[in-house]
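Below is one structure; the comments refer to it alone.
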Amino acid sequence: MAKLSLKHIYKVYPNGVKAVNDFNMDIEDKEFIVFVGPSGCGKSTTLRMIAGLEDITAGELSIGDLVVNDIEPKDRDIAMVFQNYALYPHMTVYENIAFGLRLRHIPKDEKHPNGKFTKEEINARVLEAAEILGITEYLGRKPKEMSGGQRQRVSLGRAIVREPKVMLLDEPLSNLDAKLRTQMRAEISKLHAKLNTTFIYVTHDQVEAMTMGTRIVVMKNGFIQQIDTPKNLYNYPENKFVAGFIGTPQMNFFEGTMKREGDAVHIRFAYSEAEVTVPYSYFYKARPDYLDGEKQVIFGLRAENISISPAAVKNSPAVIRFKVSHKEELGNETLVYGDINMEGDGYVESSTRIIIKCGEDVDLMPGDIAEAALDLDRLHIFDKETEESILPRIPQYNYLQAEVKGGKLHFLGEEAELPPAIFCEDGEYQLLLPSDAICSGGSIRAKLVSSEKIGDQTLYSLEVGGTRLFSVALTEGDAENIRIDMKKIGLIRNGEEVVRPMPLTATFGGVMKKNKVVEEVEKKGKTVQKKVIRFFLDIEGVDFPAPDRISAKLISALSARKAFEKQLRYECSAYGLTVTEKGIPAKVLRIADYGTEKFAVCAVGDKEVYVKTDAELEGEIFLTPDFETIGVIQADMDIRIV
Ligand code: ADP
């Protein structure tokens, strides 16, 4: 039993293929995690790094509380089950299961004088595993006398007897036929419940992922797309890839545009005559420029969220016409295929094809023109270029109209003092108000509409002056009086960002160096001087002694020789830079006073850097980064080392 932590894990193969990018995840004890994605997306590589079969290029992997990057596979307390069961053909099932235990070294004690499990212990474990897997009666057989499913059970047995902290399974069912796969799926889930061990399971099959995982990691091209429960992946996909990958039949995708007119939004579907006008309340979370009638979006709706029932069509504000092309009758339900473009044929995937899941009796015939009601509560909308959801569960921003007048910001019938750091001319602006900039304890009156726990955040829906606002930064039980964290806001006028959010992070450049230094050491009671080699981080041309933690990670990620050649990028928070006697030279340009906090705005080379300060700094100063919170990135491959 163990929890795992994967922090900024990367894999670059010697041939330069970057197979895994910045993989971050905490896995709780006893979870059943599934890595899923199309072939080549990096799921096996990630699993193999956990197993220790593949080196970790950069990042930190912990099992339990132990960092295991440099620990041999056999000492990681994991067991792995592969797609090809790799059983020894000349051994019986019993022998195959017992084999690994016989070889295993354990601490020597009275009971185990030669550091091996006793015969009785091995026997007990093999019998118990066979019992769990229902293969007791086959223990005397050879693998060739067994079916594929039974052989896979034997290889599971081999893993179970090791009593691992973590079970890793790499497409264990893909060699089995469909029926057996379904059965084994259920058995592996049952096994997980029985063993109470953390499972990590790799598959390219989304049905396997959805039916087995407590949480699923969807991957594409080496990048995590989303980590979530099966239900959340299905209901709240964060991008079009996840939306299309999860669920059968695939989600319907229609291209189109949206135009807001007061309290209504007019949706036009591209390449067809279809259009609907629906209440604006469905689009609270969308950025206003998506509702300008121009910006291209992709609407996503699952087949079961479109209905042809007369009652639904009568009551829905969103009804579109389509031409039926064909039906798939699946017994308990029927899939109706069609096209919202009357010229389209409904057979090929396109941005006008429509698939509708219906009950068993559908009297539509190919060629019929019919009406379908769209369930707007289930509507997904994606940006056509980035394919990210534009109705995210947690919106990053609130978009409001505001006016600046005499140093005050007026919005939603409220007013807030602008701090000295924000100076802008009087006039009308668009206010970009991040959801983490709406905090508790202020003089703006808000009405709490709802709160929802999403992951480790709580999303508060508020009403201020009749408009919906979203916040993730409120204190529980204190949502009625709010204030704005002014350093995070943006003010836009005629498309130009007149006031930008304060940059919370500064980026510096440099390399790691190996310098000879003279140090005083104690030798036979005397203090003598000795030349030693020490590692330094050159940051903007200034050498800082490299903390061991950081130099070790750089050397392990970049290999000792190259560690000193590679350009590095350092990320320092405005709260992680202190003014010191020596350090990175900086010139204070001004003090940015945000009311509750002050920052010194400094020039470092040609960069502007913000430094949290309570002192009235001025002139030339020197800065030292906090090495506990600094970020270090290898620049050319874009690999986060720390
Ligand atoms: P998946 O398990 O999702 O199918 P893999 O983790 O096997 O994907 O592979 C991810 C990427 O890394 C692919 O582009 C693959 O070609 C590449 N790759 C895998 N193994 C190696 C290797 N040993 N050497 C070089 N490239 C590899």
Side-chain angles (χ1 to χ4, degrees), residues 4 6-25 27 32-61 63 68-70 72-73 76 78-86 152 155 159 166-176 181 184-185 188 198-213 215-228 230 233 237-246 387 556-559 562 634 636-640:
L4 280 88
L6 294 97
K7 284 201 194 116
H8 301 299
I9 300 274
Y10 291 80
K11 176 69 190 184
V12 183
Y13 281 108
N15 62 359
V17 173
K18 201 172 173 192
V20 178
N21 279 282
D22 206 13
F23 193 109
N24 283 293
M25 184 178 191
I27 299 175
F32 194 132
I33 299 295
V34 181
F35 297 166
V36 71
S39 173
C41 71
K43 32 189 207 303
S44 296
T45 302
T46 310
L47 194 76
R48 293 169 60 81
M49 286 192 283
I50 298 173
L53 302 174
E54 207 61 78
D55 282 341
I56 295 170
T57 306
E60 200 169 86
L61 168 69
I63 301 180
V68 298
N69 287 46
D70 298 321
E72 291 283 315
R76 286 192 188 191
I78 45 129
M80 191 146 169
V81 178
F82 298 92
Q83 171 180 347
N84 53 353
Y85 343 103
Q152 193 52 285
S155 71
V166 187
M167 282 274 267
L168 305 178
L169 303 102
D170 193 355
E171 306 240 8
L173 306 184
S174 45
N175 278 355
L176 307 180
R181 249 196 339 250
M184 285 296 288
R185 226 157 57 200
I188 291 180
T198 312
F199 273 45
I200 306 178
Y201 187 105
V202 161
T203 179
H204 61 271
D205 179 345
Q206 58 99 7
V207 178
E208 245 173 52
M210 293 294 277
T211 49
M212 300 173 85
R215 282 194 301 159
I216 298 173
V217 181
V218 183
M219 296 181 71
K220 179 188 164 194
N221 294 341
F223 288 90
I224 294 181
Q225 301 295 304
Q226 190 169 347
I227 303 179
D228 228 321
L233 281 183
E238 285 169 11
N239 60 42
K240 182 174 171 249
F241 176 78
V242 175
F245 191 75
I246 302 288
E387 301 198 342
S556 123
L558 307 176
S559 86
K562 290 194 186 140
Q634 192 251 305
D636 66 353
M637 289 293 276
D638 200 20
I639 295 177
R640 181 173 290 277

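As the structure lists them, so they are numbered: ligands from 1, and atoms in each ligand from 1.
- N239 and E387 share no side-chain donor-acceptor pair at under 3.5 Å.
- Using a distance-only test at 3.5 Å, with no hydrogens or angles considered, a donor-acceptor pair links the side chain of Q152 to the main chain of F82.
- Within the 3.5 Å criterion, the main-chain N or O of K7 finds no donor-acceptor partner in the side chain of R640.
- Of the possible donor and acceptor atoms, one in the side chain of K18 sits under 3.5 Å from a partner among the backbone N and O of M637.
- Annotation for N69 and L61: closest pair OD1-N, 2.9 Å, computed over non-hydrogen atoms.
- Using a distance-only test at 3.5 Å, with no hydrogens or angles considered, no donor-acceptor pair links the side chain of K43 to the main chain of Y201.
- Near ligand 1, residues Y13, N15, V17, A19, P38, S39, G40, C41, G42, K43, S44, T45 come within 4.0 angstrom through at least one heavy atom.
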